[in-house]
Amino acid sequence: MKKLRELLKKRVVKNAVVIDDVFDDIPRPDELTEGDWSNFFDDLGASGNALLSNLFPGYERTSMGDLIGSQEFISILWEYRDKLPTEAREHLFRDYESTQEAERKILEALIVALEGFGLTCSTMGKEFDERAREADLIFIDLFLGFHQSEQDMDRAVSRVSQLVTNRAHKPPLVVLMSRSTRLWEKRNDFRDKAGLLGSTFRIASKADLTKDGRLETLLTRLANHYEDAKRVAAFVQSWNDGLEQARDNFVRILRRLDLSDLAQIRTLLLDFEGQKLGEYLLDVSDRVLQHEIEAQVGTISAAQELNKIELGQYPAPHLAGSSDLQDLVHRMIFQHVRRLELSVGQDVPTIQYGDVLRRKNTETGKLTSEVFLVATPACDLARAETENVFVLPGTLMPLVAKDWSYGATVTKTPIFKSQDGSRHWIRWHLKKRQTIPLATLCEGLQHSSSYVRVGRIREIFATELQQKLLADMGRIGQPAKPPATFPVSIALYVVSPDATTRSVPVESMETASCFVGRDAQGRRVDHLVLGEDVCDALRETMQSYPLEDVRTSAKESLSAMKTDLDFFERFERGLMELPRQNGKWNAEKGKDNRTYLYLVRNEGVEEGISAKSNYRKAPFVMKITDILSAEGE
């Protein structure tokens, strides 16, 4: 606790606010069950009706529908509820009071814990409180309302948005909490609607917040990396501001073009090149806008600040695999499919350099896995000076972790994302290069009889493939391909006293990924990336596991593991290296070179198998199974 107090003080995290409708003093009309009102009025009796006639003027003349929708009437009922007949009061307020009481106990314990960490705490209900703008740390319920409706979630989003507005350079840390099972389902939607930064955002069930050590661990993670999170926040804001300025500059330039200028472009360039004006101006827009973005001082300065982040100290992700890096790569390599509409004329479609054409089975009409990259120089295609189109054949392959390679042994495009959302990679066949008559391609595209244009690779990536195709004359430089994450499932086993493997149940084991990167020498490395909840659950399970329930030869390793915090930190930082070969056992060692854990991929360990003698010194075995997406199976 002392360590966290010092860390929070160092990060200047001083004020916390807990936002939950449990802190509202009076229920709202929509928080009381409409079906209970009839019983309420039936049970009032003469004394109850007389009391309400005195407390609420016009009571006897007002319809039941108007009464149950009146906040003023409900406020009076709530204030004088102890004077109402017992049965009437319980029919109306019993569910509301019991729920509020249980919720309040959890949140009061949360507030006490936060104050124990040296934080000044305040509370807020559904109504906005200006004092909360000073909060450095926000705990907010997913639903600000008794019925946990979409409207209640929108209210919570609105409250957080108000608190983070104009705080881009020092964004508050936000913890989204709930007792609802929909917390996991709604997390991304909430974060995006509220405009929250992933590195300052966490989720936690209210039940987890009451578990010993969970709150301290959560706050430590957020505070440890707060300075880096602020750098990311500043970059995002600077990029957003710079993009607006760049857009304004570019639009100002574009507005200066008169129709006479466009006519000159057509006469001097486009008529000769055969390119359409709309397509040409869109190409120009891409490059000029990029130039304007690069001219923004704030954006460049914020990007320089990102260089100060120590990526070697990255934490475990709060949502393993949530960063869709493959999608980022797809956007780098391919133009958006809507761009292809510019190449569809009223009559004959235009074939363009970098087009990816997918063959159709002429008998069944179904798409095949065969694709072709148009590699004929763009100028020849534009001027219609070629009868045959030079193409590079390729095959769509299911996208799995083992195929995310950084080597040059296979000519490939690392990801292709279809319009239906399915993901593949493309294996290009350099030695099968061929030509197809232009007329054949145009006819096949026009009627979608034999070809479908499914994408267009950006020029720099298409040119690299073209260079390899033409003579392997050299590599065209391009941005480095980012790493990627692939979903995996994990299962934990213990080596029991009889030397057989026994399954060990661990909570929240579904949040896991394989992170495919590379080492300093450029070689591929697969790391196991676990979500924060899995890290916590694994640590608790392993540290509490009885010594008498493991093989005798593994007891000393288990004892050492229980106190080896550095070992568990490796889970936190994603430093567990996965075997790339199925069935291979990778040893993870700790103090005195003792083996704590074996990592096994896809096969080689099941419930009840006999562990080989050289694997019996480790108390635990973890099996990692690659999950193939439905379209890749």
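It should be emphasised that the depicted structure is a prediction, and the values quoted were computed from it without experimental measurement. Count residues from 1 along the sequence.
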Practice problem: Calculate, to the nearest 0.5 Å, the distance between atoms CG and OH belonging to L137 and Y226 respectively. | Solution: 9.0 Å

Quiz item: Looking only at heavy atoms, what is the nearest atom pair of S75 and I26, with distance?
Solution: OG-CG2, 3.7 Å

Exercise. Just do the side chain to side chain contact (heavy atoms under 4.5 Å, CB included) check on H91 and W37 with the steps written out, would you?
Key: CA-CA 8 Å; H91 268 126; W37 278 102; over 6 Å; no

Quiz item: Applying side-chain hydrogen bond (donor to acceptor under 3.5 Å, both in side chains), which residue pairs with at least one partner in residues 107-120 are found, sequence neighbours left out?
Solution: none

Quiz prompt | Ring centres under 6.0 angstrom apart (Y96, W78) | solution = yes

Practice problem: Classify the angle between the aromatic ring planes of F56 and F73 as parallel (below 30°), tilted (30 to 60°) or perpendicular (above 60°). | Solution: perpendicular

Quiz item: Does the distance from a Lys or Arg side-chain N to an Asp or Glu carboxylate O, for E127 and R28, drop under 4.0 Å?
Solution: yes

Quiz item: Hey, are K308 and E305 close enough for a salt bridge, meaning a charged N less than 4.0 Å from a carboxylate O?
Solution: yes

Practice problem: Apply salt bridge (Lys or Arg N to Asp or Glu O under 4.0 Å) to R331 and D327, showing your working. | Solution: CA-CA 6 Å; R331 291 166 188 248; D327 187 61; 2.7 Å; yes

Quiz item: Tell me the salt bridge (Lys or Arg N to Asp or Glu O under 4.0 Å) pairs involving residues 173-185, sequence neighbours left out?
Solution: E103-R179

Quiz prompt | Carboxylate-amine/guanidinium proximity below 4.0 Å for E540 and K211 | solution = no

Self-check item: Reported CG-to-CG distance for the pair N39 and L92, which is rounded to 0.5 angstrom
Solution: 10.0 Å

Quiz item: Just checking, any donor-acceptor pair under 3.5 angstrom between side chains of S149 and D152?
Solution: yes

Quiz item: Residues two or more places apart in sequence or in another chain: which of them pass salt bridge (charged side-chain N to carboxylate O under 4.0 Å, His left out) with D154?
Solution: K193

Quiz item: Do Y59 and N54 have side-chain N/O donor and acceptor atoms under 3.5 Å apart?
Solution: no

Quiz prompt | Rounded distance (nearest 0.5 Å) linking atom CG of L7 with atom CZ of F117 | solution = 11.5 Å

Quiz item: Just wondering, more than 12 heavy atoms not from E97 lying within 6.0 Å of its CD?
Solution: yes

Exercise. Could you pull out the closest heavy-atom pair between R167 and A135, with the gap in Å?
Key: NH1-O, 2.8 Å

Self-check item: Closest contact, heavy atoms only, S53 versus E60
Solution: OG-OE2, 3.2 Å

Quiz item: Which is it for V13 and L222 under the side chain to side chain contact (heavy atoms under 4.5 Å, CB included) test, yes or no, and what are the steps along the way?
Solution: CA-CA 10 Å; V13 178; L222 284 171; over 6 Å; no

Quiz prompt | Contacts of K14 that satisfy side-chain contact (heavy atoms from CB on, under 4.5 Å) - sequence neighbours left out | solution = V12, D136

Quiz item: More than 12 heavy atoms of other residues, nucleotides or ligands under 6.0 Å from CG of N307: is that the case?
Solution: yes

Quiz item: Hey, are the side chains of M622 and L597 touching, using non-hydrogen atoms and a 4.5 Å cut-off?
Solution: yes

Quiz item: Of L173, V160, L176, which meets side-chain contact (heavy atoms from CB on, under 4.5 Å) against L196?
Solution: V160

Quiz item: Sequence neighbours excluded, which residues qualify as side-chain contact (heavy atoms from CB on, under 4.5 Å) partners of T541?
Solution: L492, V504, V506

Self-check item: Distance-minimising heavy-atom pair for Q296 and G242
Solution: CG-O, 3.6 Å

Quiz item: Between the main-chain N or O of P27 and the side-chain N or O of Q71, is there a donor-acceptor pair closer than 3.5 Å?
Solution: yes

Self-check item: Expected output: side-chain R11 to main-chain L8 donor-acceptor under 3.5 Å
Solution: no

Quiz item: For the side chain of R155 and the backbone of L144, is there at least one donor-acceptor N/O pair under 3.5 Å apart?
Solution: yes

Quiz item: Would a 4.5 Å heavy-atom cut-off, applied to side chains only, mark E101 and V22 as touching?
Solution: no

Exercise. In plain terms, say whether K230 and E227 are close enough for a salt bridge, that is, a side-chain N and a carboxylate O under 4.0 Å apart.
Key: yes

Quiz prompt | Polar side chain donor-acceptor pair, N249 to Q245, under 3.5 angstrom | solution = yes

Quiz prompt | Note: R133-E130 ion pair, threshold 4.0 Å (strictly below) | solution = yes

Quiz item: So does R570 pair up with D566, basic N to acidic O under 4.0 Å?
Solution: no

Exercise. Calculate, to the nearest 0.5 Å, the distance between atoms CG and CZ belonging to L197 and R191 respectively.
Key: 9.5 Å

Practice problem: Flag yes if more than 12 heavy atoms outside K105 fall under 6.0 Å of its NZ atom; otherwise flag no. | Solution: no

Quiz item: Just how far is it from atom CG of N15 to atom CG of L119, taken to the nearest 0.5 Å?
Solution: 8.0 Å

Quiz item: Is K186 salt-bridged to E150, going by a charged N under 4.0 Å from an acidic O?
Solution: yes

Exercise. Apply salt bridge (Lys or Arg N to Asp or Glu O under 4.0 Å) to the pair R221 and D536, showing each step before the final yes or no.
Key: CA-CA 12 Å; R221 286 169 176 154; D536 293 338; 2.9 Å; yes

Self-check item: Over 12 foreign heavy atoms within 6.0 Å of CD, Q419
Solution: no

Quiz item: Would V174 and T200 count as a side chain to side chain contact (heavy atoms under 4.5 Å, CB included) if you check the C-alpha gap in whole Å, the side-chain angles of each, and the deciding distance to 0.1 Å?
Solution: CA-CA 6 Å; V174 179; T200 59; 5.7 Å; no

Quiz item: What heavy-atom pair brings G118 and R5 nearest, and what distance separates the two atoms?
Solution: N-NH1, 3.4 Å

Exercise. Enter the distance from F23:CZ to D21:CG here, rounded to the nearest 0.5 Å.
Key: 9.5 Å

Exercise. Start with the C-alpha gap between R214 and T217, add the side-chain angles, then the distance that decides, and say whether side chain to side chain contact (heavy atoms under 4.5 Å, CB included) holds.
Key: CA-CA 5 Å; R214 284 292 179 93; T217 299; 5.8 Å; no

Quiz item: Within the side chain of R81, is there an N or O that forms a donor-acceptor pair under 3.5 Å with the backbone of R89?
Solution: no

Practice problem: Please confirm whether the backbone N or O of A207 pairs with a side-chain atom of T210, one donor and one acceptor, at under 3.5 Å? | Solution: yes

Quiz item: Under the ring-ring contact (aromatic ring centres under 6.0 Å, His included) test, which residues partner Y596, sequence neighbours left out?
Solution: F567

Quiz prompt | Atom CD of E216 with >12 non-hydrogen neighbours under 6.0 angstrom | solution = yes

Practice problem: Can you establish whether the number of heavy atoms outside Y80 located under 6.0 Å from its atom OH is more than 12? | Solution: no

Quiz item: Is the shortest heavy-atom distance from the side chain of L51 to the side chain of L84 under 4.5 Å?
Solution: yes

Self-check item: Residue pair G590 / D564: nearest heavy atoms and the distance that separates them
Solution: CA-OD2, 3.8 Å

Quiz item: Quick check: does any side chain N or O of S418 sit under 3.5 Å from a backbone N or O of G421, one acting as donor and the other as acceptor?
Solution: no

Quiz item: Is there a donor-acceptor pair closer than 3.5 Å between any side-chain N or O of Q543 and the backbone N or O of K562?
Solution: yes

Quiz prompt | Whether H527 side chain and V529 backbone form a donor-acceptor pair below 3.5 Å | solution = no

Practice problem: Decide salt bridge (Lys or Arg N to Asp or Glu O under 4.0 Å) for D141 and K206; before the verdict, give the C-alpha distance in whole Å, the side-chain angles of both, and the deciding distance to 0.1 Å. | Solution: CA-CA 9 Å; D141 196 355; K206 289 182 177 179; 3.3 Å; yes

